[in-house]
A.B. asks: 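Please read through the structure below; I'll follow up with questions.
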Amino acid sequence: MSLKSISLRDFVIVHELDLNLSDGFTVLTGETGAGKSILIDALQLALGARAEVGVVREGALRCEISAEFDSPSGLTPWLEQAGFESADSLLLRRTIDSQGKSRAWINGSAATASQLKEIADQLLDIHGQHAWQSLTRPDAVRGLLDSYAQVSPEQLSQRWQQWRLTQKILAEARAAQDSLQRERERLAWQIGELDKLAPGADEWEELNAQHGRLSNAQALRDTVQTAVDALQESDDNAAALLARAINSLQNQEHIEPEFKGLGEILNGALAQIEDAVHSLHGYARHAELEPQRLVELDERLSLWVSLARRYKRPPAELPELLAGWQSELHRLDEAADLAQLEKNEIHAQSAYLEEARQVSKSRSKAAPLLAKAITQAMQGLGMQGGKFDVALSQLEQPAQYGLEQAEFLVAGHSGSTPRPVGKVASGGELSRIALAIAVTTSQLGQAQTLIFDEVDSGVGGAVAETVGRLMKQLGKDRQVMAVTHLPQVAGLRRPASCRRQTHRKRRDRQQRGPCQRRTARGRNCPHAGRRATVGHDTGARQRDAGAMTMALEMILITGMSGSGKSVALHALEDAGYYCVDNLPPELLTPFVALEQQHGARKVAIAMDVRSATSLPQVPRQLRKLREQGVTVQSLFLDANTETLVRRFSETRRLHPLSRIETSDQHRALVDAIELERELLGEIREQAHVLDTSMIRSSQLQGYVKSLISAPATQLTLVFESFAFKRGVPLDADYVFDVRMLPNPHYESGLRDLTGLDPAVADYLKAHSEVDDMFKHIEQFLNHWLQALVRDHRSYVTVAIGCTGGQHRSVYLVEMLAEAFARQWPTLKRHRELDAG
């Protein structure tokens, strides 16, 4: 047994519920609206699902969910490493307050939602009533087949990435042979110049020390002689005076014993003087005047200084500069070695193909076995004579996941030709096929608890009884829970009847039932929309769905890894959007349809390079969603390569495409970022770009909130000031250079002010060329904005740049934003001022 108990407090419509569970087959049944599926939603929250304010029962301050499991033995190392107590049972507890803030605990110690998600796969495996939808997705089909074949695609994916990288390096080297040769010649000449000097690592400091001693040798010898005279050789030297004092004390120490100790101290001082004199004589013997050596040192130092001036580096950095050039030359030699690069590419291709063939072999062996097992399961589900097949089709070109594509084919009855699952017309057949697959593959997961949430929808009679028997059979080896309405299924096991526990009388509950359903249809309740339609006529549901389609607002966030997508998603979550991170592109349309059915109004979806192979289909999906009345905005977050490298280095995170071990990790990271830019290039062209290179997380959240505050159905102008010395913003659609205008920086009273200050504004207004520049930019934009509207552009970023991004560009951005705000939604930002 795995799941021992679950407790709810003030969760959605449930005031209080405690449910103890046994092993084997358990049924959750009851009247519509009693809260059967709410239990499944609660379990998902206990295992790290995203929390919303809508799950808190109306009038309560917070809700609480507790779930106790038998602790899997394989989870013990993870618990110990994460600092949680390891015991025979695993207690998960989560609370969500009325403000939407969530807290979680594992075995009594505070935990994060991410940590709950990490262990979820080892505890629960949930098969929902719409599980058949995933059977039409190639990646889901392939994943199911790979699991059945016990194939791990990670190694294949790594080999693919390595092959792609060697292809890219080889192509770049071929295209850049001429420039590489010129660069090699330049570096070889510079290295030859520094090799004449052959600077040692610590030579500069040693040369300066030697030169200082030799150039002051006579002064040092004179200093030594003066010290020797004072200590020992002059008439009244220190040694003679000390000896006189010692003799005087010794003559009287028989009278005053204390003098003996003082005499011993002076004797020690006299010995130290003698040692110092000895050392000074030794220094004088070796401190010879060496004029020839001094000349050599002068020439050597002069050569150091000359080369340092030529290459504009401090002399002490010349050894490091030479080493850097030598390393760069070595890299260029490797890049110019096309033969070796071709060998690397062939080797990487061979490694990938070898791994891919092994995967293909395993898939080919497993496909008929999986098809046979599912076909057998279908016979008892009212599909006698039906056949299930797993078709493997060879790809024209190798892909990251292998050499073939997998597809599920099904024939509902004897004599019919197997067709793709997605083209099977009957919803009942689809549900039964999904159930047959779930039963056949249920042993593939690690979880000891299987939950079937109304997967028997659309079946009845003897077929329903067979469904129940299949679930009961699964319960012999694992804990199985079924949420069902069917008496044939429930009758096979004494049901765990689910009912709401409240402090109100039943009469009151009956009276407020319709009101509860209306409340459940609120936008913050992710599961209530489904139950809200129960008992309504079909026409009403269609009308409601149409209204929701028109009202849904969707924001798609994509961009470079490390550019701040998570920060942007959090900002949208704070703004009331239902957010989903890393949604596979294939699920975009089904997800939107599902949210519409549930009454959602605002959703935000993040996708990244991990879905790169499927991203090209996204623009087409967005167009279809717009045609259906969904308001769609697409935001692409970008940053320059230097910033992305720094962020990955600071956080010590691994780039999603960094899977190749190399001695130069910096180069590997840069290559991964460049490959990511290539993969995301098409989706970037279709989105509004926001450059996050020089803004903090708090500013990014503010920018995102300001973007979504603008009307989504009308083109929005974004005016941005910047400094050319810090680079042109990556998100700029139009760039205007105003560095030729009079510069307030050269006015002492205006230097420390900005374009936001009246004094700077008055100074710039006084120059006619500033007004001319403003009018020309205004005329240009007025001429082209309508064309941009016809092109369905949501945002246009106009960047105004000057030298420091403080005076002229800031002033013109303020003026342009004020002028265009009369007709267009307008936003403004000042990159350098915001950067502090």
A.B. asks: How about Ile119 and Leu92: do any of their side-chain heavy atoms sit closer than 4.5 Å?
C.D. replies: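 With C-beta onward as the side chain, the pair touches.
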A.B. asks: Let's go through Thr692 and Asp731 carefully: what are the C-alpha distance in whole Å and the side-chain angles of both, what is the deciding distance for side-chain contact (heavy atoms from CB on, under 4.5 Å) to 0.1 Å, and is it a yes or a no?
C.D. replies: CA-CA 9 Å; Thr692 68; Asp731 50 8; over 6 Å; no
A.B. asks: What's the separation between atom CG in Asp581 and atom CD1 in Ile557, rounded to the nearest 0.5 Å?
C.D. replies: 9.0 Å
A.B. asks: Using atom types as modelled and distance alone, determine if a side-chain donor or acceptor of His807 lies under 3.5 Å from a backbone N or O of Leu753.
C.D. replies: yes
A.B. asks: When you compare the side chain of Arg829 with that of Leu690, does any pair of heavy atoms fall below 4.5 Å?
C.D. replies: yes
A.B. asks: Check whether NZ of the Lys or CZ of the Arg Arg751 lies under 6.0 Å from the centre of the six-membered ring of Tyr746 and within 45 degrees of that ring's axis.
C.D. replies: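 No cation-pi geometry.
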A.B. asks: Under 6.0 Å from the CD atom of Glu320, do we count more than 12 heavy atoms belonging to anything else shown?
C.D. replies: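 Atom CD in Glu320 is not crowded, with 12 or fewer foreign heavy atoms closer than 6.0 Å.
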A.B. asks: Starting from the C-alpha separation in whole Å, work towards a yes-or-no answer on side-chain contact (heavy atoms from CB on, under 4.5 Å) for Val704 and Leu569.
C.D. replies: CA-CA 9 Å; Val704 171; Leu569 207 61; over 6 Å; no
A.B. asks: Kindly indicate whether the side chain of Val728, heavy atoms from C-beta on, has any atom under 4.5 Å from the side chain of Phe722.
C.D. replies: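 Side chain of Val728 against side chain of Phe722, heavy atoms only: contact under 4.5 Å found.
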A.B. asks: Provide the closest heavy-atom pair for Leu680 versus Gly559 in the form atom of the first, atom of the second, distance.
C.D. replies: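 So the minimum-distance heavy-atom pair works out to CD1-O, 3.4 Å.
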A.B. asks: For Pro744 and Val760, work out which heavy atoms get closest and say how close.
C.D. replies: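 Minimum heavy-atom separation between Pro744 and Val760: CG-CG1, 4.0 Å.
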A.B. asks: Examine distances only and state if a side-chain atom of Asn107 and a backbone atom of Phe84 form a donor-acceptor pair shorter than 3.5 Å.
C.D. replies: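 No, Asn107 side chain to Phe84 backbone: no donor-acceptor pair under 3.5 Å.
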A.B. asks: If you define the side chain from C-beta out and look only at heavy atoms, does anything of Ile273 sit under 4.5 Å from Asp275?
C.D. replies: no
A.B. asks: Answer yes when Lys828 and Glu720 have at least one side-chain N-carboxylate O distance shorter than 4.0 Å, and no when they do not.
C.D. replies: no
A.B. asks: Taking Asp97 for the side chain and Gln99 for the main chain, is one N or O donor matched with an acceptor at less than 3.5 Å?
C.D. replies: yes
A.B. asks: Taking NZ, NE, NH1 and NH2 as the nitrogens, is one of them in Lys168 or Glu678 under 4.0 Å from a carboxylate oxygen of the other?
C.D. replies: no
A.B. asks: Which distance, rounded to the nearest 0.5 Å, do you find between the CD1 of Ile673 and the OG of Ser561?
C.D. replies: 8.5 Å
A.B. asks: Between Arg831 (side chain) and Ala723 (backbone), is there a donor-acceptor pair under 3.5 Å?
C.D. replies: yes
A.B. asks: Hey, mind stepping through Leu700 and Val567 against side-chain contact (heavy atoms from CB on, under 4.5 Å) and telling me if it holds?
C.D. replies: CA-CA 7 Å; Leu700 175 57; Val567 175; 3.9 Å; yes
A.B. asks: Examine the side chains of His830 and Gln806 and answer whether a donor and an acceptor come within less than 3.5 Å of each other.
C.D. replies: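 Side-chain D/A pair, His830 to Gln806: absent.
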A.B. asks: To the nearest 0.5 Å, tell me how far Glu274 CD sits from Ser279 OG.
C.D. replies: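 So the CD of Glu274 and the OG of Ser279 are separated by 12.0 Å.
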A.B. asks: Does this structure show an ion pair linking Arg677 with Asp638, if we count only N-O contacts that are shorter than 4.0 Å?
C.D. replies: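 Yes, charged N to carboxylate O under 4.0 Å.
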A.B. asks: If you count heavy atoms of other groups shown closer than 6.0 angstrom to CD of Glu256, is the number above 12?
C.D. replies: yes
A.B. asks: At their closest point, which heavy atom of Leu266 faces which heavy atom of Ala245, and how far apart are they?
C.D. replies: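 Distance-wise, the nearest heavy atoms are CD1-CB, 4.1 Å.
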A.B. asks: Under the side-chain hydrogen bond (donor to acceptor under 3.5 Å, both in side chains) criterion, do Ser109 and Glu85 qualify, and how do the steps go?
C.D. replies: CA-CA 8 Å; Ser109 299; Glu85 181 182 350; over 6 Å; no
A.B. asks: Less than 4.5 Å apart, side chain to side chain, heavy atoms only: is that true for Asp608 and Lys565?
C.D. replies: yes
A.B. asks: Is Asn247 reaching over with its side chain to a backbone N or O of Ala243, donor-acceptor style, under 3.5 angstrom?
C.D. replies: no
A.B. asks: For residues Lys117 and Gly48, report the shortest heavy-atom separation together with the two atoms involved.
C.D. replies: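 Reported closest heavy-atom pair: CE-O, 2.7 Å.
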A.B. asks: Got a donor-acceptor contact below 3.5 angstrom from the Ser563 side chain to the Leu637 backbone?
C.D. replies: yes
A.B. asks: Mind checking the CE-CG spacing from Met560 to Asn640? Nearest 0.5 Å is all I need.
C.D. replies: 10.5 Å
A.B. asks: Once you round to the nearest 0.5 Å, how far does OG1 of Thr641 lie from CG of Leu669?
C.D. replies: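 It is 9.0 Å, given to the nearest 0.5 Å.
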A.B. asks: Scan Glu253, Glu264, His254, Gln250 and name whichever one has a side-chain contact (heavy atoms from CB on, under 4.5 Å) with Phe259.
C.D. replies: Glu253
A.B. asks: Please step through side-chain contact (heavy atoms from CB on, under 4.5 Å) for the pair Leu756 and Val810, ending with a clear verdict.
C.D. replies: CA-CA 7 Å; Leu756 301 175; Val810 172; 3.8 Å; yes
A.B. asks: If we only count heavy atoms from C-beta on, is the Phe724 to Thr803 side-chain gap below 4.5 Å?
C.D. replies: no
A.B. asks: Between Arg164 and Asp671 (salt bridge meaning N to carboxylate O under 4.0 Å), is one present in this structure?
C.D. replies: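 A salt bridge is absent here (no side-chain N lies under 4.0 Å from a carboxylate O).
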A.B. asks: List the atom of Asn743, the atom of Tyr763, and the distance in Å for their closest heavy-atom pair.
C.D. replies: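 Residues Asn743 and Tyr763, closest heavy atoms: O-OH, 3.9 Å.
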A.B. asks: What are the two closest heavy atoms between Ser693 and Arg646, and how far apart are they?
C.D. replies: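 Heavy-atom minimum between the residues: O-NH2, 4.4 Å.
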A.B. asks: From Thr643 OG1 over to Phe648 CZ, what is the distance, rounded to the nearest 0.5 angstrom?
C.D. replies: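 Atom-to-atom, Thr643:OG1 and Phe648:CZ are 12.0 Å apart.
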A.B. asks: Would you find more than 12 non-hydrogen atoms of other residues, nucleotides or ligands less than 6.0 Å from Glu642 atom CD?
C.D. replies: no
A.B. asks: Just by distance, do the side chain of Thr166 and the backbone of Gln162 share a donor-acceptor pair under 3.5 Å?
C.D. replies: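 At least one qualifying donor-acceptor pair exists.
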A.B. asks: Among His347, Glu345, Gln158, whose side-chain contact (heavy atoms from CB on, under 4.5 Å) with Trp163 holds?
C.D. replies: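 The residue from His347, Glu345, Gln158 that satisfies side-chain contact (heavy atoms from CB on, under 4.5 Å) with Trp163 turns out to be Glu345.
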A.B. asks: Heavy-atom distance under 4.5 Å between the side chains of Leu165 and Leu675, does that happen here?
C.D. replies: no
A.B. asks: Are the side chain of Arg647 and the backbone of Gly562 linked by a donor-acceptor contact shorter than 3.5 Å?
C.D. replies: yes
A.B. asks: Measuring only between side-chain heavy atoms, which start at C-beta, is Glu676 closer than 4.5 Å to Leu679?
C.D. replies: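 No; the side chains remain at least 4.5 Å from each other.
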A.B. asks: So Arg808 and Asp737, salt bridge (charged side-chain N to carboxylate O under 4.0 Å, His left out) or not? Walk me through it.
C.D. replies: CA-CA 10 Å; Arg808 295 164 290 182; Asp737 184 354; over 6 Å; no
